[in-house]
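Quick notes on the structure that follows.
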Number of protein chains: 2
Amino acid sequence: MAHTHPTDHQTCQSCANRFNSVFCKAKEEYVNLINEQKVCNIYKKGQTLFNEGSNPFGVFCINDGKVKLSHQGDDGKEQITRLLKQGDVLGYRALLSGERYSASAVALEDTQICFIPKDLFISVLKQDAGLAFEMMKLLSDELHKAELKITHLAQKPIRERLAETLLFIKETYGFEEDGITLNVRLSREEIANLVGTATESAIRLLSDFKKDGMVELDGKKIKILKHKELVRTANLQD
Amino acid sequence: MAHTHPTDHQTCQSCANRFNSVFCKAKEEYVNLINEQKVCNIYKKGQTLFNEGSNPFGVFCINDGKVKLSHQGDDGKEQITRLLKQGDVLGYRALLSGERYSASAVALEDTQICFIPKDLFISVLKQDAGLAFEMMKLLSDELHKAELKITHLAQKPIRERLAETLLFIKETYGFEEDGITLNVRLSREEIANLVGTATESAIRLLSDFKKDGMVELDGKKIKILKHKELVRTANLQD
DNA sequence: GTCAGGACATGATTTTTATCATATTTTAAA
DNA sequence: TTTAAAATATGATAAAAATCATGTCCTGAC
């Protein structure tokens, strides 16, 4: 947690995500409580919020920026399981099941993050049934997404999965002002670790997509040129 | 829901799973409420509890028996995501996130199941913070398992995944009285749909395992002969 | 019992994917 | 700016896995 810098002490009430984040669905008194006890920091690109295997000490709420959540495979290969953006909460999984973190969280760009200590999180959750319900909803949604991903990993070829991943990145982070460039910089290796394939395979297929005119590649900038064809390539029907 | 037969109206208080199931961690008054409103039935082997795509009407609690939970892939291929046993609860995922069922549940053998209507489930959950917390724990555990499975599907070869699956079946259902025969009958296709591979591949690798002396195959009966070697084959370290 | 359909098994082949090798380009540090 | 290291790209090859084909075995209906 070294090298993080405190941000201006913004209130939850004025936070840009006060209508998106689960936390903001807590009762007003608890939002106030969270507001008092939270700690805000800026994580530079590449900095780690928490590491797989360490003990959870609280939950994080992204104020602005992007974070990846990834698991370490047995051979050390990274598997990215989630991409998070402003308003998203992370670190609750391990905390709720009383285990160590099963994933690592790393900032994909300079990111402002509020930290809510473990005890506060648990106590608010135990008192505020509404928030608890929202939390269950969140967990259920994540579980749904995970089970969908399991099915796709098991049944779809890599070409389809790459197309799907590009669309997923678009859904998550959207486009830049030009309306076609994916609004995040990921390395080819990270894309591969999101798709679940070898880096070379991801690179090769991206080149194919480029040849087919579906995408344009400019370093880490990826432009989606033919959205519909990408959807067709992803072979989505659910 | 045709062809189900009511069981003796057993009380939750006398239920064999009263120490295992999440529901039994509710406050006593709510357990009583559930006890009054639940409906118990027997599902014959192969019968469906609910279907992917239909609207959830409540949650199910397995009194005795075995159930598989599976998703339909885009090409219609089944992907089994969970194996459930006595004390396990199912059908809550869709209910909590307010969607249709994203999976189908089918009895793997004659199974006694209690059904708790949607409204009761939701209202108890909203009033009993302890139960809500247990539910979050359950969801968190499932999410953890799902993310582990994602990593393994993405990174492990099929041989390792099959070994892992056999160990998973053992963990879930245990052995018969002889201490070596897996206590469930699954078709080769179901095993393949659990591993995430083609049926022929699963059959072939099971034959390999047999040649290696790790398992013995007798129709749908699978005996684990060399547990340690199977663990080594699964290449587990987490 | 016997007969048909499905499950299981196994060989042959093709397809997919990973790995290895090697440029080329980009990036970041000195 | 130079330079080394890392990232990207692409070809060649090997390995893994799916598919196709065929035969056998098992099981339940009659």
Side-chain angles (χ1 to χ4, degrees), chain A residues 44-46 73-79 108-109 151-166 182 184-212 215-223 233 235, chain B residues 44-46 73-80 108-109 151-166 182 184-212 215-223 233-235:
Chain A
K44 292 260 169 207
K45 176 179 174 169
D74 290 342
D75 51 352
K77 192 170 157 51
E78 171 190 57
Q79 179 66 33
L108 288 171
E109 58 182 42
T151 305
H152 290 177
L153 273 168
Q155 302 189 355
K156 289 183 158 207
I158 293 183
R159 186 183 167 84
E160 291 183 21
R161 300 215 306 269
L162 175 61
E164 199 176 342
T165 297
L166 293 177
L182 291 179
V184 66
R185 300 286 173 271
L186 294 170
S187 68
R188 300 291 190 266
E189 188 179 5
E190 285 173 318
I191 292 174
N193 294 346
L194 212 37
V195 174
T197 187
T199 306
E200 295 96 319
S201 299
I203 290 172
R204 225 180 286 274
L205 283 167
L206 277 173
S207 297
D208 285 357
F209 285 4
K210 182 181 167 186
K211 278 194 202 93
D212 297 345
V215 304
E216 196 179 308
L217 304 173
D218 175 14
K220 287 188 175 44
K221 279 189 209 167
I222 297 177
K223 293 183 207 290
T233 304
N235 193 23
Chain B
K44 291 263 170 203
K45 177 178 174 169
D74 289 341
D75 51 353
K77 193 172 154 55
E78 171 189 58
Q79 180 65 33
I80 301 180
L108 289 171
E109 57 182 42
T151 305
H152 290 177
L153 272 169
Q155 302 188 356
K156 290 183 157 208
I158 294 182
R159 187 182 167 83
E160 292 183 21
R161 300 215 307 269
L162 174 61
E164 199 176 344
T165 298
L166 292 177
L182 291 179
V184 66
R185 301 285 173 272
L186 294 170
S187 69
R188 299 292 189 266
E189 188 178 7
E190 285 173 319
I191 292 174
N193 294 344
L194 212 36
V195 173
T197 187
T199 306
E200 295 97 320
S201 299
I203 290 173
R204 227 180 285 274
L205 283 166
L206 276 174
S207 297
D208 286 356
F209 285 4
K210 182 180 166 184
K211 278 193 201 94
D212 297 345
V215 304
E216 195 180 307
L217 304 173
D218 175 15
K220 288 189 176 46
K221 280 190 209 168
I222 298 177
K223 292 182 207 292
T233 303
N235 193 22

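Here is how names work: the chains are called A, B, and so on, in the same order as the sequence lines, proteins then strands, and each is numbered from 1.
Following rounding to the nearest Å, A:Leu217 (CG) and D:dT10 (P) show an atom-to-atom distance of 9 Å. Distance CD (A:Glu160) to P (C:dT15): 17 Å, rounded to an integer number of Å. Summarising the geometry, the separation between CZ on A:Arg159 and P on C:dT15 is reported as 16 Å, rounded to the nearest angstrom. With rounding to whole Å, B:Asp218 atom CG is found 14 Å from C:dA7 atom C1'. Separating the NZ atom of A:Lys45 from the C1' atom of C:dT27 is a distance of 11 Å, rounded to the nearest angstrom. As rounded to whole Å, 9 Å separates atom P of C:dA9 from atom CD1 of B:Ile222. In this entry the distance linking NZ of B:Lys156 with C1' of C:dA18 reads 18 Å, nearest Å. If you measure from atom CD of B:Glu189 to atom P of C:dC8, you get 8 Å, rounded to the nearest angstrom.
Between A:Ile203 and A:Ala154, the one whose closest nucleotide on DNA chain D sits nearer the 5' end is A:Ile203. Along DNA chain C, the nucleotide closest to A:Gly196 and the one closest to A:Lys220 are compared, and the more 5′ of them pairs with A:Gly196.
Taking side-chain N and O atoms only, B:Ser201 has a distance below 4.0 Å to OP1 or OP2 of D:dA18. The side chain of B:Arg188 places an N or O atom within less than 4.0 Å of a non-bridging phosphate oxygen (OP1 or OP2) of C:dA9. Taking 4.0 angstrom as the limit, A:Thr199 places none of its side-chain polar atoms (N or O) nearer than this to OP1 or OP2 of D:dA7.
Nearest to the side chain of B:Thr197, among C:dT17, D:dA18, D:dT10, sits D:dA18. In this structure, of D:dA18, C:dT19, D:dA9, it is C:dT19 that holds the atom nearest to the side chain of A:Ala198. Relative to the side chain of A:Glu200, the nucleotides D:dA9, C:dC20, D:dT19 differ in distance, and C:dC20 lies closest.
The CD1 atom of B:Ile80 sits 7.0 Å away from atom CG of B:Leu108, with the distance rounded to the nearest 0.5 Å. The CD1 atom of A:Ile222 lies 5.5 Å from the CZ atom of A:Arg188; values are rounded to the nearest 0.5 Å. The line from CG of B:Asn193 to CD of B:Glu78 is 4.5 Å long, rounded to the nearest 0.5 Å.
One cannot find a donor-acceptor pair under 3.5 Å joining the base of C:dT17 and the side-chain atoms of A:Arg161. Donor-acceptor pairing under 3.5 Å, judged by distance alone, is present between the side chain of B:Arg204 and the base of C:dG11.
Residue A:Ile158 is classed as a sugar-phosphate contact, given heavy-atom separations below 4.0 Å to backbone atoms only.
Considering all non-hydrogen atoms of both residues, A:Thr151 and B:Gly73 come closest at CG2-CA, 3.9 Å.
More than 12 heavy-atom neighbours from other residues, nucleotides or ligands sit within 6.0 angstrom of NZ on B:Lys77.
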